[in-house]
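Reviewing the structure listed below.
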Amino acid sequence: MNTPAPNAPRPSVMQLAIKEKAALYAAFIPYFAEGGIFVPTTRDYRLGDDVYVLLTLPEDTQRYPVAGRVAWVTPARAGGNRTQGVGIHFPKDEKSRQLRARIEEILGTALGSDKPTQTI
């Protein structure tokens, strides 16, 4: 049985309910190999921190659990009116592959848009 080291911090749990397709487009990170999501937060995180995200997508009642990792941080008062938060990289597993496919299905042709997002 794998037990974490006694001093290992437990991953923090974040909830993100995205209600509109435009908000999902702005938060989705297709540039990560497995996909990812931007989560607005004022809490301090570091690159590589483990996080557990409960994600709800537009027009979908299911909550998708994601055991991800912080892949970038947008600090408070970032330039360009960027929202403070973190980019979470989805893990390389079947659930993440299905989640990415579901997000891409919801976004459809919007994926090809050149509208700015909260990420890149």
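- For the pair P75 and R82, the minimum side-chain heavy-atom distance is 4.5 Å or more.
- Heavy atoms only, all atoms of each residue included: Q84 and A76 are closest at OE1-CB, 3.4 Å.
- A continuous path of Ile, Leu, Val, Met, Phe, Trp and Tyr side chains, each step under 4.5 Å between heavy atoms, connects V73 with I37, placing both in one hydrophobic cluster.
- With hydrophobic clusters built from ILVMFWY side chains whose heavy atoms lie under 4.5 angstrom apart, V70 shares a cluster with W72.
- The neighbour count for E94 CD, taken as heavy atoms of other residues, nucleotides or ligands under 6.0 Å away, is above 12.
- Listed by first and then second residue, the ring pair (Phe, Tyr, Trp, His ring centres under 6.0 Å) pairs involving residues 77-108 are F32-H89 (not counting sequence neighbours).
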Name every donor-acceptor pair, under 3.5 Å, that has one atom in a side chain of residues 38-50 and the other anywhere in the protein, sequence neighbours excluded.
residue : atom : partner : partner atom : Å
T41     : OG1  : R43     : N            : 3.1
Y45     : OH   : S12     : OG           : 2.8
D49     : OD2  : R46     : N            : 2.8
D50     : OD1  : R69     : NE           : 3.0
D50     : OD1  : R69     : NH2          : 2.8

For this session: Output, in order, the C-alpha distance, side-chain angles, deciding distance and verdict of side chain to side chain contact (heavy atoms under 4.5 Å, CB included) for V51 and V86.
Result: CA-CA 10 Å; V51 293; V86 291; 5.9 Å; no
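- In this structure, Q62 has no side-chain hydrogen bond (donor to acceptor under 3.5 Å, both in side chains) partners at least two apart in sequence or on a different chain.
- The side-chain contact (heavy atoms from CB on, under 4.5 Å) check on A17 picks up K19, T56, with sequence neighbours excluded.
- With sequence neighbours left out, R102 forms a side-chain contact (heavy atoms from CB on, under 4.5 Å) with L57, D60, Y64, E105, I106.
- For the residue pair L55 and I103, the shortest heavy atom distance occurs at CD2-CD1, 4.5 Å.
- Residues that satisfy the side-chain contact (heavy atoms from CB on, under 4.5 Å) test with E59, not counting sequence neighbours, are absent from this structure.
- Summarising the geometry of G68 relative to I88, their closest heavy-atom pair is CA-CG2, 3.8 Å, with the distance given to 0.1 Å.
- Of all non-hydrogen atoms in P91 and A67, the two that sit nearest each other are CG-O, 3.3 Å.
- For the atom pair CZ of R63 and CG of L16, the computed distance is 11.5 Å after rounding to the nearest 0.5 Å.
- Summarising the geometry of P58 relative to L24, their closest heavy-atom pair is CD-CD2, 4.0 Å, with the distance given to 0.1 Å.
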- Going through the distances and angles, do F28 and L107 end up as a side chain to side chain contact (heavy atoms under 4.5 Å, CB included)? CA-CA 9 Å; F28 180 55; L107 291 177; 4.0 Å; yes
